[in-house]
2 protein chains.
Amino acid sequence: MAVSRPIAAGTARARRSAKASSEAPLLADHLSQYLGYSLKRAQLRIFDDFMRCVAPLQLTPAQFSVMLLLEKNPGRNQTEIATTLGILKPNFVALLDDLEKRGLCLRVRSVNDRRSHILALTEKGAAALVRAKKLIAAKHEARLRALLGDDKRALLLSMLETIARDF
Amino acid sequence: MAVSRPIAAGTARARRSAKASSEAPLLADHLSQYLGYSLKRAQLRIFDDFMRCVAPLQLTPAQFSVMLLLEKNPGRNQTEIATTLGILKPNFVALLDDLEKRGLCLRVRSVNDRRSHILALTEKGAAALVRAKKLIAAKHEARLRALLGDDKRALLLSMLETIARDF
DNA sequence: TATTGTTATACTCTATAACTATA
DNA sequence: TATAGTTATAGAGTATAACAATA
């Protein structure tokens, strides 16, 4: 049971739509003081918007990150790609099955080590990735820049990386 | 299949532990440019650390947020608390069952509206919450302050709130 | 009729053990 | 003996429909 899609009780929107059962809005501002809470709320919003922006291509954030990694790292096998993204090998199978079934990527048996599947984007996959990157840049990331400004956006990303790396 | 617990291929740690199958580390730095990716990575780290810090009390972030809300908003019913946190009513039942079974909170039938369950922390629940807050302040949030500094921490929180509210 | 809390249920994401085929 | 990919499975988290009691 995670903290998801919260309704900010302190916002004008929440105050306007207060239920008749109790006029006073709930006090929830103190929750935002906790990094985990704010981080989770922001992450859900961002993933939601990401999915909407990339909806024509039907790609989840995880699928997009896999395809991005395949593009920049040709010749790698499933274990290497999955591990880099923090996806466990058993859970990576279905994700790849889906991408492969849609003709976006390929598994090829390695000649050096016949246990390994070398992963590659198909032409269709590469084209889809190009389109996805354009949609994300034009809609998703552009919206973020408009909201925060370029300097604050860069600072936010660097702080998040710091937390992911050093916390 | 989400982006979780990733291994930063560019870190010194990752380079040291590179597998024999392929000496070259994977290029994954470009992923950090995407807010969703960095946000998710940071969120997983923070939730992980939150759980470790509060392990003596066996509270999840969601349970903690519920108890915090009960403390600041006495006399509210299940729907109000759940909705404020973005928890769907059916999913809130098991969470409350667990807290109530452990003697941390209570459901009381409302006298005004006998359909409603008014929620309240027990004395034991209030005491646990005090302890949890102390553990989080002393370990979890202190670590964040040490990592980012006070000014950047405040800026990070305000940017995350902006995203959650206005994106 | 509508709402509160609840049950049942399903789907996604995450995690572990164990199998197969290779090495 | 160990590793790569896979299967089976279990547990969280999240979502919807529908029910009983009450309004």
Side-chain angles (χ1 to χ4, degrees), chain A residues 1-6 17-22 36 40-41 43-45 47-48 51 58-63 65-66 75-100 105-119, chain B residues 1-6 17-22 36 40-41 43-45 47-48 51 58-63 65-66 75-100 105-119:
Chain A
M1 220 73 62
V3 180
S4 66
R5 314 252 173 107
S17 69
K19 299 310 282 297
S21 70
S22 176
K40 181 77 181 183
R41 285 181 54 165
Q43 183 258 311
L44 289 170
R45 280 284 172 100
F47 266 46
D48 234 55
M51 299 270 273
Q58 286 286 91
L59 289 176
T60 65
Q63 290 171 330
S65 66
V66 168
R76 300 296 187 150
N77 66 25
Q78 291 186 203
T79 300
E80 291 172 313
I81 299 294
T83 303
T84 301
L85 290 171
I87 300 173
L88 294 171
K89 286 187 294 179
N91 298 334
F92 197 42
V93 175
L95 189 157
L96 275 186
D97 285 348
D98 183 50
L99 290 182
E100 202 174 18
C105 83
L106 280 175
R107 288 184 248 224
V108 184
R109 278 231 175 274
S110 167
V111 286
N112 305 326
D113 183 342
R114 294 184 38 77
R115 293 171 302 181
S116 289
H117 292 170
I118 302 304
L119 299 179
Chain B
M1 221 74 60
V3 181
S4 66
R5 314 251 174 108
S17 68
K19 300 309 284 296
S21 67
S22 174
K40 181 76 180 182
R41 285 181 54 165
Q43 185 257 310
L44 288 169
R45 280 286 172 98
F47 266 45
D48 235 56
M51 298 270 274
Q58 287 285 92
L59 289 176
T60 65
Q63 291 170 329
S65 65
V66 168
R76 300 295 187 152
N77 66 24
Q78 291 186 202
T79 299
E80 291 173 312
I81 298 295
T83 302
T84 301
L85 290 172
I87 301 173
L88 295 170
K89 285 186 296 180
N91 299 333
F92 197 43
V93 174
L95 189 157
L96 274 186
D97 285 349
D98 183 51
L99 291 181
E100 202 174 17
C105 82
L106 279 176
R107 288 185 250 225
V108 184
R109 279 232 174 272
S110 167
V111 285
N112 305 325
D113 183 343
R114 292 183 39 77
R115 293 171 303 180
S116 289
H117 292 172
I118 302 305
L119 300 179

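Just so it is clear: chains get the letters A, B, ... in the order the sequence lines come, proteins before strands, and each one is counted from 1. Bear in mind that the values here come from a model prediction, so they are computed numbers and not experimental data.
Residue B:Leu85 contributes atom CG, which lies 15 Å from atom C1' of D:dG13 at whole-angstrom precision. As rounded to whole Å, 8 Å separates atom P of D:dG5 from atom CD of A:Glu80. One atom, NZ of B:Lys89, and another, P of D:dT14, lie 17 Å apart when rounded to the nearest Å. With rounding to whole Å, B:Ile118 atom CD1 is found 11 Å from C:dT4 atom P. When the P atom of C:dT12 is taken as reference, atom CD of A:Gln63 falls 11 Å away, rounded to whole Å. Here D:dT6 presents its P atom at 11 Å from CG of A:Asn77, a figure rounded to the nearest Å. As rounded to whole Å, 9 Å separates atom C1' of D:dT6 from atom CD of A:Gln78. Going from atom CG of B:Asp97 over to atom P of C:dA8 covers 12 Å, rounded to whole Å.
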note = A correct 5'-to-3' footprint of nucleotides 16-23 of chain D, with B, S and - meaning base, sugar-phosphate only and no protein heavy atom under 4.0 Å, is BB---BBS
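Residues B:Leu59 and B:Met51 share a closest heavy-atom pair of O-SD, 4.0 Å.
For the pair A:Val66/A:Leu85, a side-chain contact is recorded, criterion being any heavy-atom separation below 4.5 Å from C-beta on.
B:Ser110 places a side-chain N or O within donor-acceptor distance of the main-chain N or O of B:Asn112, the cut-off being under 3.5 Å. The backbone N or O of A:Asp97 lies less than 3.5 Å from no partner atom in the side chain of A:Glu100, so there is not a single donor-acceptor pair. Looking only at distances, a side-chain donor or acceptor of A:Ser65 sits under 3.5 Å from a matching main-chain atom of A:Ala62.
When A:Arg107, A:Arg109, A:Arg76 are each tested for a side chain to side chain donor-acceptor pair (under 3.5 Å) with A:His117, only one passes: A:Arg109.
The side chain of A:Arg107 approaches D:dT6 more closely than any other nucleotide in the set C:dT14, D:dT6, C:dT6.
Distances shorter than 4.0 Å separate some side-chain N or O of B:Thr79 from OP1 or OP2 on C:dG5.
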